[in-house]
Amino acid sequence: MAQFKMHLLVCGGTGCRASQSEIIVENLKSEIKNLGLENDAQVVITGCFGFCEKGPIVKIVPDNTFYTQVKPEDCAEIVREHILKGRKVKRLLYEDPETQKHIEDSKHMNFYQKQIRIALRNCGFIDPENIDEYIARDGYAALGNIITGMSPQEAIDIMKKSGLRGRGGGGFPTGIKWEIASKSKADQKYVVCNADEGDPGAFMDRSILEGDPHSVIEAMAICGYCIGATKGIVYIRAEYPLAIKRLKIAARQSRAYGLLGQDILGSGFSFDIELRYGAGAFVCGEETALIKSMEGLRGEPTVKPPFPAEKGYLGKPTNVNNVETFANVPAIFLKGADWFSSIGTAKSKGTKVFALAGKINNVGLIEVPMGITLREVIFEIGGGIKDGKKFKAVQTGGPSGGCLTEKHLDTPIDFDNLIAAGSMMGSGGMIVMDEDDCMVSVAKFYLEFTVEESCGKCAPCRIGNKRLHEILEKICSGKGVEADIDYLKNLSRVIKDTALCGLGQTSPNPVLSTIEHFHDEYLAHVKERICPAGSCKALKLYTILPDKCTGCTACVRACPVDAITGEKRQAHVIDVNKCIRCGACYEKCKFTAIHVQ
Amino acid sequence: MNKIKSLDDLRKMKQNLEHEMNIREKSNEPESLVQIRVAMATCGIASGARTVMNTLVEKIEKDKIPAVVTQGGCMGYCYAEPTIEVKVPGKDPVVFGNVDSQRAIDILVKYVVNGELLEGIIPTNYQTINEKK
């Protein structure tokens, strides 16, 4: 058989597909055919490369050429120049923002240099719809080794030794979780994969399922063997259609090979999975609510104990792990617990996938060793703050987390350090904020989310969060008083102490952490009635600087409420009582004579 | 699709499948491999660079030589096409001229595997963009 000399890897993740990567694949294939290069070059659709900021991505191996923002009309040039004649298409190469030099080899991109890819090891490397490519990279070898040569307890011991902790947010040691479930006695147990990813800005679970679905299936089977379960269920949001499609294809292929089903690899162990679709309620990411939802009931959490490991789905022992946690499992068994625990910090082993979002240059998905600092993540991998603005804070842990500020930039990131800094790991969303972001508004944004997503079962979460939101709204609209800040703090503590589940217990975190780190900003809102970031509309004060105003009347014509008066060629005045703070005059003025406070 | 009946079958299957992924695995750590770049400009192709490249790729795969073949643009030695540049880890790159399929195999066996020098080396007097920092 002819040996391909080049592989063209095209990102087929949701982000790049939205920018026409499917058409790019077609165009590349047809141009290769036109030039008679079918035996030389192969086009492969892969999962996410992580560099979503500059998608769609086309990577060419073996020379590691990394083309960014490829358009369907660029395909002919790529094939004619690069594949046929070996000349890289310079204009599509990634340009280093600092040196303005084109980087030919993705190995030299800052974005990739500090990353270690374990959970994402196959994302952007294999075709997720082809089980053979997964097997070629030692896929299902871990499962095979375990079910033919290890007792469940031996496998659990390896998991415990590796130090892997749950990547969904809580950080509970995975090996211990499995051990508890394995000790429960029952006629049927269940392995559940929690793919109900809901934090704003987080998309690592989706990318793993889209890019490497087999690693999750393999890990679920391993878990099934360890705890004594023959059934696995993936609870996945219905709004992840591509992940669902690829997971279904993967399960079908595994079954065809006998890697799911009865008597896997002649070991006597049987395991299969099915999919359940969630309707996208945030609370269903909480494991007891998730189980209720799988049972066809309302997605409401229940009191723990009993823990799912004792009494879960249909009253049977159930082990729930998150997608990223599972994706780590086969790699741990292949490379060993010692290898895994050599990466990371004392109590947080391995790597963590983060979704970078917000005011950062390189929006995307990264996997870094635990213990890396925020500074490295934001300024080296992330390429710094957009438009040269100043870094203000980064929100981690989604609506359950908090803000980290400049003083935390050099703190090594791991589960415990983030909690000590008043935030949490969460599922790994990192939303970066610059000097233009108002921290009161940020807290308000997260509370809006929590109020919307609260299931309403317990009063502290249902009513308390609503009250928190109202007060934040009041402060942002310029009607706050100083006592409101103390009230926010007290109410937050009450909600934390009394709410039923993790959602309610953590929902005040964004409020508490912004008050702690940006107390001055809250004070400015309630005492001086100004928003230092200039983001709260109601607190903006527009005035005209008389020495700069030329009296051109452009602002008068722009003002929708006739709040600006003045004679031609004379300095104008804004009537603050009439002004609706729309900013129309500010945008129209050519002489920077409008001052905003 | 046939069912995989045992762990041995799975391992055999992996071995059969992995060579198709080799090209991607190799791209993960090009520094540790012998990198061979075939000049693939119009003049190179016209004098048979594509055949040379095919030969190289097949021989490397067959003998499991730790090398990776990529294409390059014109190196400027049009009088000596096809030309290939061979970079052994830790050594300076060497350019060979007038390479046909037979010479390509000689270069692989003698220079890459055994470390002997061959005739027909074009002395280089340029810096690549990677060296200029």
Side-chain angles (χ1 to χ4, degrees), chain A residues 1-7 9 37 39-40 42 44 46 59-65 81-88 99 101-102 104-108 125-126 130-141 143-145 147-149 252-253 255-259 261 263-267, chain B residues 1-31 33 35-45 49-50 53-62 67-75 85 128-130 132-133:
Chain A
M1 205 197 81
Q3 185 74 33
F4 290 115
K5 287 176 229 33
M6 282 187 170
H7 290 185
L9 310 177
L37 297 170
N39 293 329
D40 292 331
Q42 182 191 22
V44 184
T46 69
K59 184 177 174 183
I60 297 182
V61 294
D63 52 22
N64 272 324
T65 310
E81 286 295 302
H82 191 147
I83 309 300
L84 186 67
K85 296 184 186 160
R87 287 198 288 248
K88 297 186 179 186
T99 60
K101 268 191 189 161
H102 289 292
E104 299 198 4
D105 182 337
S106 58
K107 296 264 155 206
H108 295 111
F125 197 88
I126 65 167
N130 184 352
I131 188 173
D132 287 349
E133 295 204 350
Y134 182 68
I135 290 175
R137 294 208 92 201
D138 279 323
Y140 292 101
L143 174 67
N145 292 340
I147 59 178
T148 57
R252 201 168 61 225
Q253 291 175 341
R255 259 177 231 128
Y257 272 159
L259 296 166
D263 191 18
I264 297 168
L265 298 176
S267 66
Chain B
M1 280 182 176
N2 290 324
K3 287 213 180 238
I4 306 170
K5 297 213 171 57
S6 69
L7 183 58
D8 278 344
D9 286 356
L10 180 72
R11 286 187 181 137
K12 265 180 223 144
M13 195 170 158
K14 191 230 157 184
Q15 279 170 4
N16 290 334
L17 290 167
E18 69 184 350
H19 79 275
E20 281 174 42
M21 298 289 284
N22 257 347
I23 187 167
R24 276 180 249 171
E25 299 285 355
K26 282 177 176 176
S27 80
N28 259 349
E29 37 201 274
E31 307 82 17
L33 295 166
Q35 297 179 60
I36 302 175
R37 197 153 53 125
V38 183
M40 210 64 132
T42 309
C43 52
I45 296 172
R50 199 165 287 284
M53 188 165 174
N54 285 340
T55 311
L56 286 168
V57 170
E58 277 158 26
K59 181 76 180 165
I60 285 168
E61 197 54 41
K62 199 169 137 242
V68 57
V69 183
T70 60
Q71 307 188 357
C74 176
M75 286 195 254
E85 184 190 76
T128 68
I129 194 136
N130 294 334
K132 261 192 199 164
K133 279 211 173 132

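Sequence lines set the chain letters: A, B, ... in the order given, protein chains first and strands last, and positions in each chain run from 1. The figures here come from the full heavy-atom set of this structure, side chains too, leaving out hydrogens, waters and symmetry mates.
Looking only at heavy-atom pairs under 4.5 Å with chain B, the residue among A/Val44, A/Ile131, A/Asp138 that has the most is A/Asp138. Counting heavy-atom pairs closer than 4.5 Å to chain B, the top-ranked of the candidates A/Gly266, A/Ala256, A/Ser267, A/Gly258 is A/Ala256. Note: B/Arg50 leads B/Glu18, B/Arg50, B/Lys26 in heavy-atom pairs under 4.5 Å with chain A. For the set B/Gln35, B/Glu25, B/Glu61, the count of heavy-atom pairs under 4.5 angstrom toward chain A peaks at B/Glu25. The candidate with the highest count of non-hydrogen atom pairs below 4.5 Å against chain A, out of B/Thr70, B/Ile23, B/Asn16, is B/Ile23. Among A/Asp132, A/Thr99, A/Ile147, A/Thr148, the residue making the largest number of heavy-atom pairs under 4.5 Å with chain B is A/Asp132.
Within the structure, side chain to side chain donor-acceptor pair (under 3.5 Å) pairs that include any residue of residues 4-13 of chain B comprise A/Asn145-B/Arg11 (at least two apart or interchain).
The OG1 atom of B/Thr42 sits 6.0 Å away from atom CZ of A/Arg87, with the distance rounded to the nearest 0.5 Å. Of the inter-residue distances, the one linking A/Asp263 atom CG with B/Lys3 atom NZ reads 10.0 Å to the nearest 0.5 angstrom. If you take CG on B/Leu10 and CD1 on A/Ile264, they are separated by 11.5 Å, rounding to the nearest 0.5 Å.
Nearest heavy-atom pair, A/Pro62 versus B/Val69, reported as atom, atom and distance to 0.1 Å: CG-O, 3.3 Å. Heavy-atom minimum distance, A/His82 versus B/Gln71: O-OE1, 3.2 Å. For the residue pair A/Leu84 and B/Met40, the shortest heavy atom distance occurs at O-CG, 3.5 Å. Considering all non-hydrogen atoms of both residues, A/Lys5 and B/Val57 come closest at CG-CG2, 3.5 Å. Closest approach of B/Ile4 and A/Leu259 over heavy atoms only: CD1-CD1, 4.1 Å. The heavy-atom pair separating B/Lys14 from A/Ile135 by the smallest distance is CG-O, 3.1 Å.
Looking at A/Glu81, there are no atoms closer than 4.5 Å to chain B (heavy atoms on both sides), in backbone or side chain. Using a 4.5 Å cut-off between heavy atoms, A/Leu143 makes no contact with chain B at all. Contact annotation for A/Asp40: only side-chain heavy atoms (C-beta onward) come within less than 4.5 Å of a heavy atom of chain B.
Counting only heavy atoms from C-beta outward, the side chains of B/Met21 and A/Ile126 approach each other to under 4.5 Å. A/Glu133 places none of its side-chain heavy atoms less than 4.5 Å from the side chain of B/Glu20.
By the ring-ring contact (aromatic ring centres under 6.0 Å, His included) test, A/Tyr257 is found to be paired with no residue, residues two or more places apart in sequence or in another chain being considered.
The main-chain N or O of A/Val61 is never found under 3.5 Å from a side-chain atom of B/Arg24 such that the two would form a donor-acceptor pair.
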